[in-house]
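Letters A, B, ... mirror the listed sequences (proteins, then strands); counts begin at 1. As the structure is a computational prediction, the values presented were derived from the model and not from experiment.
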Amino acid sequence: MQRMQKYDPKKIEKKWQKYWEKNKTFEVKDDFAHPEKKFYALIEFPFISGVGLHVGHPRPFTAMDVIARKRRMEGYNVLYPIGYDSFGLPTENFAIKTGRPPQEIVLENIANFKRQLKSLGYSFDWSREVDTSDPKYYKWTQWIFLQFFKHGLAYKKNQPINWCPKDKIGLANEEVVNGCCERCGTPTEKRNKDQWMLAITKYADKLLDGLKTVDYITPARVQQENWIGRSEGAVVRFTVILSEAKDPRHGKRDSSAIPQNDNLVVEVFTTRLDTIFSGTFLVIAPEHPLVKQLTTPEQKKTVEKYIQETAQKTDIERTAEEKDKSGVFTGSFALNPATGDKMPVWIADFVLAQYGTGAVFADAHDERDFAMAKKYNIPLRVSIRPTDDEVWQRVQKLEECFPNEGTLVNSDQFDGLTSAEAREKILPWLEQKGMARRKINFKLRDWVFSRQHYWGEPIPLVYCKKCAGWIPLPESELPLKLPEVKKYEPTDTGESPLSAMTDWVNTTCPRCGGPAKRETDTMPNWAGSSWYFLRYCDPDNDKEFASMEKLKYWMGPVIQSAAPVILSEAKDPLTLGERDSSVATTLSQNDSGRGGVDWYNGGMEHTVLHLLYSRFWNQFLYDIGVVPTREPYKKRTSHGMILGPDGEKMSKSRGNVINPDEMIEQFGTDAFRMYIGFMGPFDQAVKWDTNGLVGVRRFLDRVWSLQEKVTDSPTSLRAPLLEERVQSTDTNNPLSSRRGTEGEVSSSVHLTSLLHRTIHKVSADIEGMRFNTAIAALMELSNEMMKEEKISNFQYQVLIQLLSPFAPHIAEELWEKFGNGEMLAFFAWPKFDAELAKESAITIVVQVNGKVRDQLEVPAEISEEDIKAQALASEKVQKWLEGKEPKKVIYVKGKLVSVVI
RNA sequence: GCUCGGGUGGCGGAAUUGGUAUACGCACAACACUUAAAAUGUUGCGCCGCAAGGCAUGCGGGUUCGAGCCCCGCCCCGAGCACCA
């Protein structure tokens with residue numbers, strides 16, 4: 001045998017990357033092939049900046065690449081696309097700094113990203129790249145916006161918005177983190193501005209309900225639920241007594257006397273209607289619209305001062321002083337519709353203007369209200385009794401606040417009811433009097449959709465004075481391209497730099513032909529990323545954003561779950577019993593709107609914003625009939641962060657940034673990819689450790705050197721045709737089950753068994769994203785092979801096949817070396833054979849009183865009686881028995897015998 | 001404060017979900033090869049103990065023949081939400 005060449009990753013990796021590029025290996029060949037076995041794998045496309053890929057990107061990209069590659073070998077028609085999110089602040093800031101057009105910068109940055117991505121050997125379909133700042137792409141982003149506008153879901157509103165004084169940009173609530181700008185960390189202020197809004201709140205229920213139909217990892221689902229924040233309760237009306245002197249009912253306790261059509265009413269949202277009888281005062285937000293009307297002349301000065309003070313505070317300051325419940329009395333009173341008592345109306349900034357009705361009724365059963373009442377000596381009344389008598393003693397004396405549910409007291413006819421019962425009875429009672437109505441409230445607020453920046457999609461609307469409103473551009477005029485400007489800076493007045501472009505701004509109204517002005521705000525960064533997964537299905541279409549046929553195919557409802565367990569174990573009578581291909585067909589017919597991207601992996605940081613926004617867009621597009629599925633993604637998983645070697649988040653300022661280019665240069669792409677998978681559990685944060693990379697590189701060297709142990713001639717394996725792989729239950733797969741064993745030489749039964757157990761483990765672990773244990777299993781297999789004198793061609797090739805999703809270059813090279821004409825990337829994934837995986841001899845552990853005392857090597861088929869007898873006969877066990885009779889002997893099949901004395 | 005995760009050797013981490021705790025890798029040590037080093041290979045490697053054996057999965061209890069895993073009560077770390085009525 002000629003001397004083996006050394007493993008040289010640089011040479012072979014470049015070779016295969018060139019080959020894949022030249023042959024367009026991973027481009028989808030047929031958009032409609034065997035729909036029951038298609039797979040759409042999606043990663044979050046990178047947000048473009050000048051720094052290029054950091055080491056965090058390869059984690060999700062490699063993970064999905066491994067899954068995509070395995071699925072291809074299993075015969076799936078796989079779509080694994082890539083694109084670039086290129087509108088946004090990093091590029092704009094760079095343009096401002098250098099004075100160069102962002103369009104140019106984007107092209108350079110994309111070229112760099114692309115070079116890096118290619119060097120990582122990803123099996124992307126490079127023919128489907130999308131770029132959100134390309135007019136061919138944003139034409140359709142604008143088109144979708146027009147549909148929102150035409151359906152009344154995009155509207156302009158003057159309202160206080162979150163303003164970042166550094167970025168000079170209006171922010172959606174979702175983009176404000178702890179009162180600071182999400183991007184730059186500057187505390188945000190409130191500013192009043194006309195803003196385009198998208199009515200995402202109209203979809204609150206649908207967005208919540210949709211979560212029940214998708215397979216998201218729990219934290220992602222829970223975060224979405226919390227963000228939408230649905231709560232059931234009631235809106236209660238509190239009639240205001242403008243002047244105490246004029247009110248004849250003063251001091252009376254007769255709720256029936258409350259007039260029905262009093263025109264000054266404070267509405268309050270509550271989830272605790274059971275506490276209504278303890279309501280002794282009202283508190284409204286400083287921004288409440290009725291503040292002026294409610295403030296009496298005597299209180300005017302104090303109230304104005306308080307409001308001014310709170311307006312000056314930033315959101316962090318307002319929430320920082322958590323415990324101190326400052327407030328001010330308006331001078332007015334309102335009537336409690338349940339008790340008829342008069343309640344002073346206060347203003348306090350712990351009440352949020354944006355939530356509920358911006359007003360609360362305050363009582364002894366809420367910590368904040370309780371604290372405020374104590375501070376200002378406002379009378380309190382207890383109406384909920386806890387079960388614990390000791391607590392009740394203290395609560396009655398008003399020494400302690402009891403905010404939980406209990407039994408009603410001091411509540412007239414409702415005394416004795418539980419909180420839950422009381423809510424159901426009190427609501428109709430108040431409803432009848434016209435003082436309350438059922439209400440479901442959401443935390444979710446409408447989405448501020450305009451930005452005062454240059455580098456974003458222009459909003460395709462003009463304002464026409466004559467038509468008295470905003471007029472959409474005809475769809476035929478899209479895309480409305482960004483004009484070239486000289487300066488990219490946002491202005492202090494909060495206007496976009498586009499507003500200085502008078503040529504561009506002044507236009508004619510598409511409706512009346514008269515003079516009109518263009519909207520100069522642009523769309524937020526989230527716009528382009530809210531629908532890119534749809535464009536991948538049909539990226540070059542210039543008639544529509546994607547054809548329905550292609551969307552139906554790629555986003556289709558077919559559930560090809562990696563774990564068919566879910567379907568087969570379902571109690572659903574429809575699926576019980578028979579699980580054949582007709583199930584999929586049945587689903588697609590009966591369950592319209594079902595489906596989505598098969599598997600979407602992305603960062604936890606996007607589970608609220610991006611995921612919610614894109615679900616909203618997709619649901620809207622479904623409702624207007626242009627996409628086939630209600631939800632955009634069937635399955636969502638998330639990766640943990642990669643931390644610097646010091647265990648801290650990687651950042652330039654800390655100097656702990658790892659550059660993937662350098663790692664690849666030093667260890668090779670395959671080793672880098674393997675280390676990314678091996679470094680730790682996929683969903684958890686892990687520290688970077690270059691030593692670990694050394695370990696996987698050693699493993700690859702060993703796999704390479706194992707070829708010397710292969711002595712028999714290659715079993716010329718014919719690649720199964722695509723059709724053969726699609727029918728995966730084949731008898732035709734040359735590598736499946738026993739057929740492969742013909743090629744075996746001297747190897748032990750043990751190795752064959754291990755080989756099959758490894759096939760099983762690696763297959764299951766890849767689907768479960770347990771890449772670390774999959775790789776550990778491959779290492780174990782190769783360690784066993786190292787111990788053998790010789791291994792068979794067949795065994796070696798199975799190892800290479802299992803390795804190939806992780807380390808595709810070395811695998812393809814070895815595959816070629818061993819005389820296989822076909823691409824390994826499309827060769828059949830090895831088949832697991834349960835029979836061959838069985839070991840002939842097994843180790844049974846013998847425990848005495850729960851402690852391991854002996855181990856027995858026995859034939860796998862040993863009977864229960866035999867093994868029990870053998871265990872009791874064991875010398876070591878006898879020693880522990882000390883002549884006594886065992887009380888009980890337990891046998892766990894194939895595992896252990898437990899002797900109890 | 002609330003909601004999710006998590007706590008296992010010197011380190012990253014395994015453990016088929018109640019059945020041999022510490023797989024795999026790193027680091028370390030000894031040996032082989034080498035003039036030497038690197039690389040590679042072999043062996044060892046939780047703690048105490050000469051051994052028999054004992055003790056170990058954040059802490060304290062419990063259930064069980066048997067608990068890293070289940071139950072009760074705490075402590076610590078990470079992520080998200082946070083005056084949401």
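For RNA chain B, the neighbouring residues in residues 355-364 of chain A, judged by any heavy atom under 4.0 Å, are A:Tyr355, A:Val360.
Judged as a side chain to side chain contact (heavy atoms under 4.5 Å, CB included), and not counting sequence neighbours, the contacts of A:Ala353 are A:Ala285, A:Glu287. For A:Phe238, the ring-ring contact (aromatic ring centres under 6.0 Å, His included) criterion is met by A:Phe361, not counting sequence neighbours. Residues passing the salt bridge (charged side-chain N to carboxylate O under 4.0 Å, His left out) test with A:Glu405 are A:Arg423, sequence neighbours excluded. Taking the salt bridge (charged side-chain N to carboxylate O under 4.0 Å, His left out) definition, one finds that A:Glu780 meets it with nothing, sequence neighbours left out. Partners of A:Lys709 according to the salt bridge (charged side-chain N to carboxylate O under 4.0 Å, His left out) rule, which considers only residues two or more places apart in sequence or in another chain, do not exist here.
One C1' atom belongs to B:A23, the other to B:A15, and the distance between them is 8 Å to the nearest Å. Taking atom P on both B:G58 and B:G53, the two are 27 Å apart, rounded to the nearest angstrom. The P atoms of B:C4 and B:C71 are separated by 13 Å, rounded to the nearest whole Å.
Base pairing in RNA chain B gives the following stems of 3 or more Watson-Crick or G-U pairs, range against range and under 3.5 Å: B:1-7 with B:75-81, B:10-12 with B:24-26, B:28-32 with B:40-44, B:46-48 with B:53-55, B:58-62 with B:70-74.
If you check every strand for non-hydrogen atoms under 4.0 Å, A:Arg853 touches sugar and phosphate atoms only. Backbone-only contact: A:Lys879 has heavy atoms under 4.0 Å from sugar-phosphate atoms and none from a base. Base contact: A:Lys443 has a heavy atom under 4.0 Å from a base atom. Residue contacts shown for A:Asn849 are limited to sugar-phosphate atoms, with no base heavy atom under 4.0 Å away. Across all strands, A:Lys851 comes closer than 4.0 Å only to sugar-phosphate atoms, never to a base (heavy-atom distances).
Under the 30°/60° scheme for interplanar angles, the aromatic rings of A:Trp346 and A:Tyr376 are found to be tilted.
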Find every protein N or O atom lying less than 3.5 Å from an N or O atom of nucleotides 37-48 of chain B, and list the pairs.
from  : atom 1 : to       : atom 2 : distance (Å)
B:G41 : OP1    : A:Arg702 : NE     : 3.4

Between the protein and nucleotides 20-22 of chain B, which nitrogen or oxygen pairs are less than 3.5 angstrom apart?
from  : atom 1 : to       : atom 2 : distance (Å)
B:U20 : O2     : A:Gln855 : NE2    : 2.9

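Within a 6.0 Å radius of NZ in A:Lys649, other residues, nucleotides and ligands contribute 12 heavy atoms or fewer. For A:Lys375, the NZ atom counts as densely surrounded, since its 6.0 Å shell holds more than 12 non-hydrogen atoms of other residues, nucleotides or ligands.
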Identify every side-chain donor-acceptor pair in residues 889-901 of chain A under 3.5 Å, counting partners at least two apart or on other chains, and give the distances.
from     : atom 1 : to       : atom 2 : distance (Å)
A:Tyr891 : OH     : A:Gly894 : N      : 3.2

Residues 689-700 of chain A side chain polar contacts: donor-acceptor under 3.5 Å, at least two apart:
from     : atom 1 : to       : atom 2 : distance (Å)
A:Asp689 : OD1    : A:Asn691 : N      : 3.1
A:Thr690 : OG1    : A:Trp688 : NE1    : 3.0
A:Arg697 : NE     : A:Asp701 : OD1    : 3.4
A:Arg697 : NH1    : A:Phe667 : O      : 3.4

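Each of A:Ile217, A:Asp215, A:Asn601 was compared with A:Lys635 under the side chain to side chain contact (heavy atoms under 4.5 Å, CB included) criterion, and only A:Asp215 meets it. Paired with A:Leu294 under the rule side chain to side chain contact (heavy atoms under 4.5 Å, CB included), one option of A:Leu282, A:Val266, A:Ile347 passes, and it is A:Val266.
Between the side chain of A:Asn226 and the backbone N or O of A:Gly229, no donor-acceptor pair lies under 3.5 Å. Proximity of a side-chain donor or acceptor of A:Asp854 to a complementary backbone N or O of A:Val846 within less than 3.5 Å is not detected.
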Contact state string [nucleotides 1-13 of chain B, B base, S sugar-phosphate only, - no protein heavy atom under 4.0 Å]: --SS-------BS

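For an aromatic pair to be called close, the ring centres must be under 6.0 Å apart, and A:Phe771 with A:Phe682 satisfies this.
Positionally, the nearest nucleotide of RNA chain B for A:Asn783 lies more toward the 5' end than for the other of A:Asn783 and A:Val899.
For A:Arg445, the listed nucleotide lying nearest its side chain is B:C84; candidates were B:G19, B:A85, B:C84.
A:Lys887 contributes no side-chain N or O that forms a donor-acceptor pair with the base of B:C65 under 3.5 Å.
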